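Here's the structure, in structure tokens; my notes come after.
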Amino acid sequence: MSIDPFDPAGWDDDGPAVPAPSAPAAQPFYLDGLNPEQRAAVEATDGPVLVLAGAGTGKTRVLTTRIAHLLHQNKAWPGQILAVTFTNKAAREMQQRVAALIGGVAEGMSWLGTFHSIAARILRRHAELVGLQPNFTILDADDQIRLMKQILAAEGMDEKRFPARSLATLIDRWKNRALTPDRLGSEDAHSFADGKGKQLYAAYQERLKTLNAADFGDLLLHVITIFQNHADVLEDWQRRFKYILVDEYQDTNVAQYLWLRLLARKWRNLCCVGDDDQSIYGWRGAEVGNILRFEQDFPGATVIRLERNYRSTGHILAAASGLIAANEGRLGKTLWTEDEMGEKVRVVGYWDGEEEARATADLIEGMRGRGRRLSEMAILVRAGHQTRAFEERFVATGLPYRVIGGPRFYERQEIRDAMAYFRVVMQPDDDLAFERIVNVPKRGLGDTTVQQLHVMARARGISLHHAASLIVETDELKPKARATLRDLIGNFARWRAAARDLPHTELAETVLDESGYTAMWQADKSAEAPGRLDNLKELVDAMAGFESLSAFLDHVALVMEIERGDADQDMVTLMTLHGAKGLEFPVVFLPGWEEGLFPSQRSLDENGLSGLEEERRLAYVGLTRARETAIVSHAANRRIYNQWQSAIPSRFIDELPRDHVQIEAQPGLWGGSAPEKPFGTALREDTFGTRGLSPGFQRAAARTIDLPVERMVATDNTGDDFVTGERVFHQKFGHGRITRIDGNKLDITFDKAGAKKVIAAFVTKA
DNA sequence: CGTTTTTGCCTTTTT
DNA sequence: GGCAAAAACG
């Protein structure tokens, strides 16, 4: 069976606002094989719909089938469907699956993408309404920080006391909540740097405007501002998007929520799919409240629960369900499967991280020997750096592996440099880019010269590039610097002119050549240089797939990764739990389930109970990635910053329902410790034996003396609080003085043994 | 002005 | 133990 051909004219963005009358078919093929709930979710086309889709219940299938259904029923043209996802990965997958379902018609789905990429497209069309030009630059996190530093410096603030990072985080948070500087509440306005928060935010926005740039948060926020202030523009977009679909609704923040609500107000055909139990982006401003409140926000909404799991076997599903049940404030779902019970979740304890890596590699090899493919196995970690121990082991044993989400292509120095050149060509006022490359390669335009440019730019309120073009006509610079700068400005002018008729890939090559950038790496004798040249070539190759240089710049800013063709090789996958959302593997390893690591101490400290619950959802996401085998592990000792720290098993291990878990103690290691809690007693003081103290650690110990005492509270085994500076006694190390308290870990300078890191429970007050 | 050495901070997760 | 920024050096 095939779909009726659609009129290509309707695929265009500017297709008819009202689709042709519908001609329903009897039983379209794409509905085959859907369960009743899935089918209901597909067929409930009109009005607000919330699909609560548990892990592995066919969420993406529902979304893609729904799109096929809307098109097949002639409810809308492809260009009238807005489908937003949270990640590029999800967008790509949906695009592919829609195409697989309905063929070429899917190419007309031009409004399928991430929140940010779609917002950027809308913003380009109305940039002038918020004081930007249509060719504005999208700044990434790195640019953002650098800009923030300049602002803090300009305000004469101490970078040590008020780090640019913190301000950036704060402003991001405001933007996630759709707060422009003028909308900040008085509490927020004073929350940074002695009440200067609001002022700094305003200064930052002002600066962005002169740079003709927008950061990630602005993409959404500016669109909201435009929608709120220009009814006609809003009306236009509302009319266009007859049907709106949202993936991972639980991850939306306030700004995204407002954005959706504005767009959906006319037709009210908003279908949100999500799972409150998989909300793991709270730290980035996601509001679980959005999904919990859906029915109030959109009265008359249809709510459909998908609870039949098609992914995992019984024990795994039960273990995950049991774990997540410990969270409060859930919408509640009861996942079930017709699959067999299968294997229990295995919980293994190891002596240290190294053994964990070694044993995991052995398990992987064993399974491979029994016919499993490596690509069927994944190791999911809490934090990116945890992959390292495994990588080292895999390299040593020659086990093929791939790390997803490691250092990214666009973050490499040479790529950022090249991009900076392109940015200045497209957008001369992009000071951040200009500053990055004025002296790369070295051309004798150092700090002194750049400072002069800054002075002039600030005095006249113009960009560095503009200032440079003026200053070369004066005598303010030394003749040499002036000539070099004039050359550079001249080059940019020429490249800009060439951009009009030269294909953009050729332009890119010209720029990299004539600027001397390629030559710089060719002359470089270091080991990385050839790789960098390869990367530059790859960058230019990647550009070929885009219509124009500006389209490419947008892509890089928004997608930030380059398609790699190594997907077909048989390798073990290593990635973070966050990165694994939406994926599944027959075999999943979940290492590092230890208190402090997972749940992450920082998350607990900063967000208390809600932080813990988010960590628990992360654990739930991890478990539910597994189809047949899930192996949780924890190590009693781990080396962090080159010192040994001991840890107790994660509370999440205790929360796994006993009936669905198989605890495997390491034979011989512990002389037969109790299998229910293999390492509850593993807190042994000799794990802190840091004989040769590294310089770094000595420095660390030395500089902690004058730390503030407040909120640095740890508790010993009797429940007493410690304070820095207090005298304590340790069984092995003797008497000493506390220099620093971090959670339950103490830095102590012992009278005899020197500086050590010790867990509070091992010392008593002297 | 550019290179080498020392220091600080670090490890949550990402559009 | 590693990386980026600051500081010290040539």
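Each chain gets a letter, A, B and so on, in the order the sequences are listed, and its residues count up from 1. Please read these numbers as outputs of a predicted model, since none were measured by experiment.
- Here the two rings, on Trp259(A) and Tyr257(A), have centers that are 6.0 Å apart or farther.
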Short N/O separations, protein against nucleotides 8-10 of chain C, under 3.5 angstrom:
none

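- Using modelled atom types, no side-chain atom of His634(A) and backbone atom of Tyr350(A) make a donor-acceptor pair closer than 3.5 Å.
- With rounding to whole Å, Gln256(A) atom CD is found 12 Å from dT14(B) atom C1'.
- Between the OH atom of Tyr620(A) and the P atom of dT13(B) there is a distance of 24 Å, rounded to whole Å.
- The side chain of His116(A) sits closest to dT15(B) out of dT11(B), dT15(B), dT13(B).
- The CG atom of Asp554(A) sits 16 Å away from the P atom of dT15(B) (whole-angstrom rounding).
- With Arg486(A) as the partner, the side chain to side chain contact (heavy atoms under 4.5 Å, CB included) test is satisfied by one option alone out of Val472(A), Ile471(A), Leu477(A): Val472(A).
- In this structure, Arg121(A) forms a cation-pi arrangement with Trp111(A), its terminal cationic atom sitting closer than 6.0 Å to the ring centre and no more than 45° off the ring axis.
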Note to self: Between Arg617(A) and Asp277(A), does the salt bridge (charged side-chain N to carboxylate O under 4.0 Å, His left out) criterion hold? Intermediate values first, please.
What the structure shows: CA-CA 6 Å; Arg617(A) 290 193 290 267; Asp277(A) 291 334; over 6 Å; no
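- Distance CG (Leu604(A)) to C1' (dT13(B)): 15 Å, rounded to an integer number of Å.
- In terms of phosphate contacts, Ser603(A) brings no side-chain nitrogen or oxygen within less than 4.0 Å of OP1 or OP2 of dT13(B).
- Ring centroids of Phe216(A) and His116(A) are separated by less than 6.0 Å, placing the two rings close together.
- Using bins of under 30°, 30° to 60° and over 60° for the plane-to-plane angle, the ring pair Phe598(A)/Trp593(A) lands in the perpendicular bin.
- Looking at which nucleotide of DNA chain B each of Arg388(A) and Ala141(A) is closest to, the 5′-most match is held by Arg388(A).
- At least one donor-acceptor pair closer than 3.5 Å links the side chain of Gln256(A) to the backbone N or O of Asn253(A).
- If you take CD1 of Ile280(A) and P of dT14(B), they are 9 Å apart, rounded to a whole angstrom.
- A cation-pi arrangement is not found for Arg416(A) relative to Tyr410(A), the charged atom failing to lie both closer than 6.0 Å to the ring centre and inside a 45° cone about the ring normal.
- Between the CD atom of Glu354(A) and the P atom of dG1(C) there is a distance of 13 Å, rounded to whole Å.
- A distance-only check finds a donor-acceptor pair linking the side chain of Ser610(A) to the backbone of Asn607(A) [under 3.5 Å].
- A straight line from CD of Gln150(A) to P of dA5(C) spans 13 Å, rounded to a whole angstrom.
- Ring centroids of Phe390(A) and Tyr401(A) are separated by 6.0 Å or more, keeping the two rings apart.
- A salt bridge links Arg436(A) to Asp417(A): one of the charged nitrogens lies within less than 4.0 Å of a carboxylate oxygen.
- Proximity note for Thr114(A) (side chain, C-beta onward) versus dT11(B), dT15(B), dT14(B): the nearest is dT15(B).
- The ring of Tyr281(A) does not lie on top of the base of dT14(B); it is either too far (5.5 Å or more) or too tilted (30° or more).
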Protein-nucleotides 1-5 of chain B N/O pairs closer than 3.5 Å?
unit_1: dC1(B); atom_1: OP1; unit_2: Gly446(A); atom_2: N; d: 3.2
unit_1: dC1(B); atom_1: OP2; unit_2: Thr448(A); atom_2: OG1; d: 2.5
unit_1: dG2(B); atom_1: OP2; unit_2: Asn439(A); atom_2: ND2; d: 3.4

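- No engagement by Phe115(A) is indicated, since no non-hydrogen atom pair under 4.0 Å with the nucleic acid exists.
- Where pairing requires Watson-Crick or G-U contacts shorter than 3.5 Å, the helical stems of DNA chain B with at least three consecutive pairs are B:1-9 with C:2-10.
- At whole-Å resolution of the value, CG in Asn253(A) and P in dT15(B) are 14 Å apart.
- Distances from the side chain of Lys149(A) to the nucleotides dT13(B), dT15(B), dA5(C) place dA5(C) closest.
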